[in-house]
Number of protein chains: 2
Amino acid sequence: MGQLKPTKPLSGFIELLPVQQRCFDECAERMQQVLKTAGFSRLDLPAIERAEVLTDKDNWDEIETQMFMFQKGDTKMGLRYDGTVGLARYVSGHLNDLIFPFRAYQFARNYRGERPQKGRYREFYQMDLDILGINELSTNYDAEIVAVLARAYESCREFIGGINIRIGSRPFWNAFFEWLGLSEKQSRAVFVLIDKKDKLDDFNGALTEEIGDKAVEIINVFSNGYKSFLNKSIKLDLAINEIDEFIKQLEVLGIKNAKIDLGIMRGHAYYTGLVFEFFLDNFPSIGAVGGGGRYEDLTGKFSKTKIIGVGAAVGFSRMMVALFEDDKIKLDKFESPIIVSVLPMDENAVPFTMSILTQLRAANIVTIPYLDTGKKFKNKIEFADKIKSKFSIIIGEDEVNSNMLTIKDMMTGEQQKLSLESVINILKKIK
Amino acid sequence: MGQLKPTKPLSGFIELLPVQQRCFDECAERMQQVLKTAGFSRLDLPAIERAEVLTDKDNWDEIETQMFMFQKGDTKMGLRYDGTVGLARYVSGHLNDLIFPFRAYQFARNYRGERPQKGRYREFYQMDLDILGINELSTNYDAEIVAVLARAYESCREFIGGINIRIGSRPFWNAFFEWLGLSEKQSRAVFVLIDKKDKLDDFNGALTEEIGDKAVEIINVFSNGYKSFLNKSIKLDLAINEIDEFIKQLEVLGIKNAKIDLGIMRGHAYYTGLVFEFFLDNFPSIGAVGGGGRYEDLTGKFSKTKIIGVGAAVGFSRMMVALFEDDKIKLDKFESPIIVSVLPMDENAVPFTMSILTQLRAANIVTIPYLDTGKKFKNKIEFADKIKSKFSIIIGEDEVNSNMLTIKDMMTGEQQKLSLESVINILKKIK
């Protein structure tokens, strides 16, 4: 026999234990249920796309570092890094099959080829949700999507705690930079500084270096609040008004934990309107666990039809794994979903056990049998104990002959002899 | 603007419309629910594995043709082609974290790099289920896993129809070849011929070419039945007895649609015991939609601990897409899951609409609003119609002032003015 192969997954890849996986799946399921109730259709797009769909760049060395790329025949292709590229392609190819405004979500694996760092994975689940309109799309949908997403996180409150939302505005900054008289180059530089604000040692100094005295006004936005800039320009007034209206709409939608934070920029170039980020109340150090905003052109590279959208993404794996790593989620509830184990005493008891098993499962009772009948009784009951099944049913000659079951409460040790019907009635009520 | 990018997915990749996706998801969910009720834990393993985990081969040209491979730093890696490699690695790395017999399932995407053909995809969902024991595992579990899988297919009967099961036996053929006195080379050749039996023009001729007169006995197995070979050798008797016992066990488990078909071989080299395949009653031309069997050594390459298992795989994408392609599944039921659309008449009605929307969704009623209030009334009602929402609620000044809702049955055209509470009570009952 040669050397044994490695059993650890590759670095940057996530692999959970069954108990964590159950919690992961439960949260994923609850969030998706909220999206379905809001009428979002699930899309499950290929994880592999043509290279030209994934990128506009020509620098293959760099692209191959950032992504997982491969070539088959003449076709270069690679693993997607987010849900947006595939969505843009899909929607452009199905303009006549879909009804607009079209609402879709994806809960899918995405891939990054770079060297992994703490909290950044090479393979991760992201939940993307988008509402798309042809040529137009009311900003009312922006408020709706924030409310839907808030409700999605809320559905997992018992595991992840509460969330709070910060709202930023691209139109505000565009109007502000224009009012300040910044050049396009200066605007871009300031945009990047604001985006990185919390990571900079000397934000004010960096700003002053870029735009001199005008830095003071930017700093005033954060110290005096955006409303102090009313009546400076029509565009600024419009942007400020849009922010205020948005907060009001969120309140009508039952969202009270949103606040304006004009430091929220969302790096992506394609956002054009309001942007937003979600944070966990109890674990702010994880950073944003989701966010999104409005964009004016989703599909320009695929279609002449103009698609406007508002979308958001949840960094689902990142959030869950961060919570698992520091034991921030109590997993008791997921320790075992097994209601009952059935334990035949010997091979003669197997047919009766199989028939009991079939009927318990038909009643939707999660049941596991222990069928290595040659093992000692001790091993059988230990198995029932280790898998944390709530009850066990021991099946021996007596049970086969009497057609009655001995059921044991694994917590209290209490035993009862009952008919299958009574057993089913009891176990059906156990959650 | 440059040339538009292609909107079709790469060949060999599956992309569904929302209505098909809902059916796909519903079937996947039902099948997984059956596995959970049978106590199988879901594992969600990385799609990317080290090359050395994926293959023992050294011929990289060939491997890169068959798989999607890439290199990062010094590490060669690739996309998995089935669930078994990852399972073997995972289980070997978690021997102390898992309780044996360990039952796990995967519902995951797998990848094949070869040129796609009809019915063979480059990316596809496969559902793998396995029961694993350390050093030993009763063959009782073989019957259980077939029964669980049968029940999983049955849970989708209204979409895919009924299934039938064919049981083969590796021990039977091993004993048979030994009794016939075939060399190892002959045995291997005959094994391959039996595996391809239905695809060969002249099975008998091919057999005779390999093993001369002895071919007659092989053909007798298929014409006279395996039981006619009782009392030829102890090993054959044992194998025949195992088959008969298995069928009896399946009957106790409520499985009546299984029959012996010794032509079922299952290509994979690692099977060592009984093997089985599942077929759709109504669509036999699709071929096997799943199958599996017993194997004696899952983890030899990863661990010194011997893991014995019985496992099965469902070719889920292949089955569903074949059914979709020829319109073999009625999708009516999945046309629209939208219960009600809420249509504000103008911008003034939006806050009230948002509040109604929130309350309807809180009651788990699938609700979509149409928030482009500037559009004509005709557009709004057309939207409700196109998305096939079962009801619509039109919200104008009257509704806002009276706090009463006008609800329209989109099928009958009937309208009623009701309180929100009454609306919720009605809509909650709609499925």
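What's counted below: heavy atoms across the whole structure, side chains too, no hydrogens, waters or symmetry copies. This is a predicted model, so every value here is computed, not measured. Per chain, numbering begins at 1; letters A, B, ... match sequence-line order.
- Geometric assessment of A/Lys72 against the ring of B/Phe68 yields a positive cation-pi assignment under the 6.0 Å and 45° thresholds.
- Note that OG1 of B/Thr305 is 7.5 Å distant from CG of B/Asn135, once rounded to the nearest 0.5 Å.
- Looking at B/Lys36, the atoms closer than 4.5 Å to chain A (heavy atoms on both sides) all sit in the backbone: N, CA, C or O.
- Between chain B and the residues A/Leu45, A/Leu357, A/Val148, the most heavy-atom pairs under 4.5 angstrom are made by A/Leu45.
- Per-residue counts of heavy-atom pairs under 4.5 Å with chain A were compared for B/Asp56, B/Thr299, B/Thr139; the largest is that of B/Asp56.
- Among A/Phe13, A/Phe383, A/Tyr111, A/Tyr141, the residue making the largest number of heavy-atom pairs under 4.5 Å with chain B is A/Tyr141.
- Within the 4.5 angstrom heavy-atom criterion, no atom of B/Ala104 approaches chain A.
- In terms of non-hydrogen atom pairs under 4.5 Å with chain B, the most contact-rich of A/Ile387, A/Ile48, A/Val91 is A/Ile48.
- Contact count versus chain B (heavy atoms, under 4.5 Å) is highest, among A/Lys8, A/Arg103, A/Glu49, A/Lys386, for A/Arg103.
- Using modelled atom types, one finds a donor on one side chain and an acceptor on the other under 3.5 Å when comparing B/Tyr105 with B/Gln32.
- Contacts of A/Ser336 with chain B are absent, with no heavy-atom separation under 4.5 Å from either backbone or side chain.
- At a 4.5 Å heavy-atom cutoff, the contact between A/Leu16 and chain B is made by backbone atoms alone.
- Taking the six-membered ring for Trp and thresholds of 30 and 60 degrees, B/Tyr125 and B/Phe107 have nearly parallel ring planes, at less than 30 degrees apart.
- Neither the backbone nor the side chain of A/Pro337 comes within contact range of chain B; no heavy atom of the residue lies under 4.5 Å from a heavy atom of that chain.
- Among A/Ala38, A/Pro18, A/Ser92, the residue with the largest count of heavy-atom pairs under 4.5 Å with chain B is A/Ala38.
- Side-chain polar atoms of A/Asp44 and A/Gln106 form no donor-acceptor pair below 3.5 angstrom.
- Across B/Arg50, B/Glu144, B/Glu123, B/Gln33, the residue that shares the most heavy-atom pairs under 4.5 angstrom with chain A is B/Arg50.
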ask   = Would B/Asp297 and B/Ile308 satisfy side-chain contact (heavy atoms from CB on, under 4.5 Å), going step by step from the backbone distance to the final call?
value = CA-CA 5 Å; B/Asp297 179 15; B/Ile308 295 174; over 6 Å; no

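- Chosen from A/Gly113, A/Ala88, A/Gly254, the residue pairing most often with chain B at heavy-atom distances under 4.5 Å is A/Gly113.
- For the pair B/Lys76 and B/Phe70, the cation-pi test (distance below 6.0 Å, angle within 45°) is failed.
- Side-chain N or O atoms of B/Arg22 include one that pairs as donor or acceptor with a backbone N or O of B/Phe334 at under 3.5 Å.
- Across all non-hydrogen atoms, the minimal contact from B/Ile14 to B/Ser317 is CD1-CB, 3.8 Å.
- The part of A/Phe102 that comes within reach of chain B is its side chain, from C-beta onward, which places non-hydrogen atoms under 4.5 angstrom from that chain.
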